[in-house]
Visitor: 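Please read through the structure below; I'll follow up with questions.
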Amino acid sequence: MKLNEIIKAVYIRDTQGNIDLEINDIQTDSRLIKPGNLFVAVKGTQTDGHAYIAKAIENGASAVICETLPETLHEGVTYIQVADTEDAVGKLATTFYGDPTSKLDLIGVTGTNGKTTIATLLYNMFRKFGYKTGLISTVCNYIDGEAIPTDHTTPDPITLNRLLGRMADEGCKYAFMEVSSHSIAQKRIGGLKFAGGIFTNITRDHLDYHKTFENYLKAKKAFFDGLPKTAFALTNADDRNGMVMVQNTKAKVATYSLRTLCDFKGKVLEDGFDGMLMDIDNREVNVQFIGRFNASNLLAVYGAACLLGKSPENILLILSVLRPVSGRFEALRSPKGYTAIVDYAHTPDALINVLDTIHEVLRGRGQIITVVGAGGNRDKGKRPLMAKESAARCDKVIITSDNPRFEEPQDIINDMLAGVEKEEANKVISIVDRKEAIRTACILAQPGDVILVAGKGHENYQEIKGVKHHFDDKEILREIFETEHK
């Protein structure tokens with residue numbers, strides 16, 4: 001595509017050189033630049049792309065987009081100055097990849113918990129409706145049935161538009177996407193047109209990045225503020241910030257709830273570790289999910305599908321056969337007669353939701369043993385809260401490693417232990433080795449008990465000192481179950 005076409009959607013301060021040249025790709029990483037590429041110098045949280053302009057040119061960049069022109073301008077290279085490269089890169093990528101969201105319906109799901117479940121279930125549902133469908137999620141990206149591995153909840157704008165471009169080219173009618181607070185704040189979704197937005201809930205998370213809860217809330221709200229009037233904004237009326245999210249949106253607002261008057265109403269009639277009987281808009285449906293938070297997620301899926309024009313009867317039929325997402329309240333049954341639940345819960349609120357759900361289903365007929373850790377180089381303030389909430393709701397708690405990253409695991413564990421109340425201390429132990437912690441929980445469990453292994457969910461690695469080592473909570477549990485058979 002010609003450079004003068006690519007830059008049409010961006011406000012230009014100054015140009016130096018020829019803008020009527022052919023560009024064969026866009027990059028923000030100078031190491032990925034090849035001859036004929038456009039390099040966008042973005043000021044990131046870790047590094048400033050302006051420091052790598054010379055490297056990008058050395059690697060063959062034909063043009064550079066930057067906020068500040070370099071002192072030395074290379075002959076034969078075009079320089080374009082803009083006010084904000086972080087804002088520009090999404091718009092440039094959208095144009096370069098043929099404005100993919102004008103060719104398919106993109107639905108964004110945002111909130112602290114539930115994003116992966118809702119986006120994935122909508123993707124699975126609309127494939128069952130017979131549509132070619134895309135998914136952009138924490139667990140994996142999909143172009144219809146083709147899996148595309150992922151490292152971030154929301155990819156960078158170039159990867160994102162390339163992915164959406166492929167979805168559009170391959171005939172996808174719908175795409176469902178997790179929208180993280182980081183991606184909103186960093187304008188990674190700039191240039192995309194959303195046909196709808198879904199809000200799940202908001203609690204403390206990512207304060208290492210956003211610094212304050214207010215900033216975190218503003219980032220989430222900005223997504224809804226930016227929705228066009230042709231879109232829908234579906235919000236959780238049970239969350240105290242549910243209506244705050246949509247108060248300034250131009251989109252059509254709809255609500256879902258388990259507790260109050262709303263557009264899409266649900267209720268849990270019966271529950272167990274093999275599923276629930278729900279009432280959704282006065283129709284009963286059996287689902288293979290556990291817990292009130294999943295009931296809320298299913299209502300969001302139901303509401304979104306209704307807003308996308310599907311009939312309630314057909315939606316409920318598909319809801320009844322959908323299965324839980326990997327590592328999201330996933331129940332495994334031990335030969336010894338206890339249940340192990342693997343869940344991604346890595347915030348205080350997510351832990352509370354999961355543990356309260358286990359209590360609701362158990363009704364005092366067994367003990368709860370929780371294995372939990374906290375990630376390194378992330379929000380330290382939530383560590384003592386996670387230990388405190390776990391101890392308050394469990395019969396036994398084993399504090400262990402999660403992804404320590406570049407911190408010492410014992411230091412993270414000590415931060416967590418500091419939150420345990422004195423009267424709860426006798427039920428809490430710490431085991432640094434996560435495999436041993438899980439094994440210990442299984443040894444302690446009796447028939448009818450429930451073990452919660454929290455924090456990693458779908459992840460199949462442990463990140464230690466910058467290296468990802470293979471580690472899968474479900475694999476460990478299945479190995480232990482095998483030995484119990486013998």
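Count residues from 1 along the sequence.
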Visitor: Determine whether the side chains of Lys115 and Ser137 contain a donor N or O and an acceptor N or O closer than 3.5 Å.
Guide: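 Note: Lys115 and Ser137 side chains miss the donor-acceptor criterion.
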
Visitor: Please check if atom NZ in Lys55 has more than 12 non-hydrogen atoms from other residues, nucleotides or ligands closer than 6.0 Å.
Guide: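 Open.
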
Visitor: Is the number of heavy atoms from other residues, nucleotides or ligands under 6.0 Å of Lys218 NZ greater than 12?
Guide: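 No.
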
Visitor: Does the plane of the ring in Phe223 sit parallel, tilted or perpendicular to the ring in Phe194? Use 30° and 60° as the thresholds.
Guide: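 Judged by the thresholds at 30° and 60°, the geometry between Phe223 and Phe194 is perpendicular.
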
Visitor: Please check if any side-chain donor atom of Glu22 sits under 3.5 Å from a side-chain acceptor atom of Asn24, or the reverse.
Guide: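 Looking only at side-chain atoms, Asn24 and Glu22 do not form any donor-acceptor pair under 3.5 Å.
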
Visitor: Can you tell me if Asp263 and Thr255 form a side-chain donor-acceptor pair at under 3.5 Å?
Guide: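 Yes - a donor-acceptor pair under 3.5 Å links their side chains.
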
Visitor: Checking Thr28 side chain against Val42 main chain: does a donor-acceptor pair fall under 3.5 Å?
Guide: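 Not confirmed, Thr28 side chain does not pair with Val42 backbone.
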
Visitor: Can Lys456 and Glu463 be counted as an ion pair, charged N to O under 4.0 angstrom?
Guide: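 No, this pair does not count.
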
Visitor: Between Asn294 and Ile290 (side chain of the first, backbone of the second, donor and acceptor by atom type, cut-off under 3.5 Å), is there such a pair?
Guide: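 A pair under 3.5 Å: yes.
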
Visitor: Can you list the residues that meet the side chain to side chain donor-acceptor pair (under 3.5 Å) rule with Lys91, with sequence neighbours excluded?
Guide: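 Expected list: Asp87.
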
Visitor: Are there more than 12 heavy atoms of other residues, nucleotides or ligands under 6.0 Å from atom OH of Tyr52?
Guide: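 12 or below, so no.
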
Visitor: Spell out, as yes or no, whether a donor-acceptor pair under 3.5 Å connects the side chain of Thr110 to the backbone of Ser180.
Guide: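 No.
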
Visitor: Taking atom CG of Leu163 and atom CD1 of Ile136, what is their separation to the nearest 0.5 Å?
Guide: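 If we round to the nearest 0.5 Å, Leu163:CG and Ile136:CD1 are 4.5 Å apart.
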
Visitor: Output all residues satisfying salt bridge (charged side-chain N to carboxylate O under 4.0 Å, His left out) with Lys128, sequence neighbours left out; order by chain, then residue number.
Guide: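 Lys128: no salt bridge (charged side-chain N to carboxylate O under 4.0 Å, His left out) contacts found.
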
Visitor: Ala222: which residues meet the side chain to side chain contact (heavy atoms under 4.5 Å, CB included) condition with it, sequence neighbours left out?
Guide: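 Side chain to side chain contact (heavy atoms under 4.5 Å, CB included) list for Ala222, sorted by chain: Ile184.
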
Visitor: Should the heavy atoms of other residues, nucleotides or ligands under 6.0 Å from OH of Tyr142 be counted, would the total exceed 12?
Guide: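 Not buried by this count: 12 neighbours or fewer within 6.0 Å.
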
Visitor: Would you please say whether a donor-acceptor pair under 3.5 Å links the side chains of Thr94 and Asn161?
Guide: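 Note: Thr94 and Asn161 side chains meet the donor-acceptor criterion.
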
Visitor: Considering all heavy atoms of both residues, which atom of Ala254 and which atom of Leu307 are nearest to each other, and what is their separation?
Guide: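 Where Ala254 meets Leu307 most closely, the heavy atoms are CB-CD1, 4.0 Å.
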
Visitor: May I have the step-by-step check of side-chain contact (heavy atoms from CB on, under 4.5 Å) for Lys173 and Asp105, ending in yes or no?
Guide: CA-CA 6 Å; Lys173 167 75 175 113; Asp105 286 344; 3.3 Å; yes

Visitor: Tell me yes or no: between the side chains of Asn403 and Glu459, is some donor less than 3.5 Å from an acceptor?
Guide: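 On atom types as modelled, these side chains qualify, holding a pair under 3.5 Å.
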
Visitor: Is it true that atom NZ of Lys252 has more than 12 heavy atoms of other residues, nucleotides or ligands lying nearer than 6.0 Å?
Guide: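 Atom NZ in Lys252 is not packed in, count stays at 12 or less.
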
Visitor: Name the residue from Leu417, Asn414, Ile412, Val420 that meets the side-chain contact (heavy atoms from CB on, under 4.5 Å) definition with Ile399.
Guide: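 That would be Leu417; it is the only one of Leu417, Asn414, Ile412, Val420 passing the side-chain contact (heavy atoms from CB on, under 4.5 Å) with Ile399.
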
Visitor: Looking at Lys193 and Asp99, what are the two nearest heavy atoms and their distance?
Guide: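 Minimum heavy-atom contact is NZ-OD2, 2.8 Å.
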
Visitor: Less than 3.5 Å apart, any donor N or O on the side chain of Glu178 or Thr116 sitting next to an acceptor on the other?
Guide: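 Looking only at side-chain atoms, Thr116 and Glu178 do form a donor-acceptor pair, the distance falling under 3.5 Å.
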
Visitor: Taking side chain to side chain donor-acceptor pair (under 3.5 Å) as the definition, give me every residue that meets it alongside Thr159, ordered by chain and number, with sequence neighbours left out.
Guide: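 Once residues adjacent in sequence are excluded, the partners of Thr159 under the side chain to side chain donor-acceptor pair (under 3.5 Å) criterion are Asp156.
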
Visitor: Between Glu67 and Arg13, does any NZ, NE, NH1 or NH2 come within less than 4.0 Å of an OD or OE carboxylate oxygen?
Guide: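 Here Arg13 does not pair with Glu67 in a salt bridge, since their nearest N and O are not under 4.0 Å apart.
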
Visitor: Between His470 and Glu475, do the side chains contain an N or O donor and an N or O acceptor separated by less than 3.5 Å?
Guide: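 Side-chain D/A pair, His470 to Glu475: present.
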
Visitor: Charged N to carboxylate O below 4.0 Å: is that the case for Glu146 and Arg166?
Guide: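 Looking at Arg166 together with Glu146, the answer is yes, because their closest N to O distance falls below 4.0 Å.
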
Visitor: Should the pair Arg328-Asp343 be classified as a salt bridge under the 4.0 Å nitrogen-to-oxygen rule?
Guide: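 Not counted as a salt bridge, because no side-chain N and carboxylate O are separated by less than 4.0 Å.
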
Visitor: Quick one: do Lys43 and His50 satisfy side-chain contact (heavy atoms from CB on, under 4.5 Å)? Show the steps, please.
Guide: CA-CA 7 Å; Lys43 288 180 178 175; His50 290 75; 4.1 Å; yes

Visitor: Would you tell me whether Asn18 and Thr78 have side-chain atoms, one donor and one acceptor, within less than 3.5 Å of each other?
Guide: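 Side chains of Asn18 and Thr78: no pair found under 3.5 Å.
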
Visitor: Arg31: which residues meet the side chain to side chain donor-acceptor pair (under 3.5 Å) condition with it, sequence neighbours left out?
Guide: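 Expected list: Asp29.
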
Visitor: Under the rule for side chain to side chain donor-acceptor pair (under 3.5 Å), what residues qualify as partners of Arg292, not counting sequence neighbours?
Guide: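 Not a single residue meets the side chain to side chain donor-acceptor pair (under 3.5 Å) criterion with Arg292.
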
Visitor: Test side-chain contact (heavy atoms from CB on, under 4.5 Å) on Phe126 and Lys310 and set out the steps.
Guide: CA-CA 10 Å; Phe126 275 75; Lys310 301 298 151 205; 3.8 Å; yes

Visitor: Looking at Ile202, is its backbone amide N or carbonyl O close enough to the side chain of Asp239 to form a donor-acceptor pair, meaning the two atoms are under 3.5 Å apart?
Guide: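 Side chain of Asp239 to backbone of Ile202, a donor-acceptor pair under 3.5 Å: yes, one is there.
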
Visitor: Under the side-chain contact (heavy atoms from CB on, under 4.5 Å) rule, what do Lys34 and Asn37 come out as? Steps first, then yes or no, please.
Guide: CA-CA 6 Å; Lys34 291 182 172 61; Asn37 286 186; 3.9 Å; yes

Visitor: Give a yes-or-no answer on whether the side chains of Asn248 and Lys221 include a donor-acceptor pair shorter than 3.5 Å.
Guide: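 Result is yes, a qualifying pair exists.
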
Visitor: Indicate the ring-plane relationship of Tyr174 and Phe176, choosing parallel, tilted or perpendicular according to the 30° and 60° boundaries.
Guide: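 If you compare the ring of Tyr174 with that of Phe176, the planes turn out parallel.
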
Visitor: Would you say the side-chain atoms of Thr400 pair up with the backbone N or O of Val432, donor to acceptor, closer than 3.5 Å?
Guide: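 Such a contact is found between Thr400 side chain and Val432 backbone.
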
Visitor: Just verifying a value: how many Å separate Tyr97 OH and Met167 CE, rounded to the nearest 0.5 Å?
Guide: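 Those atoms lie 14.0 Å apart.
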
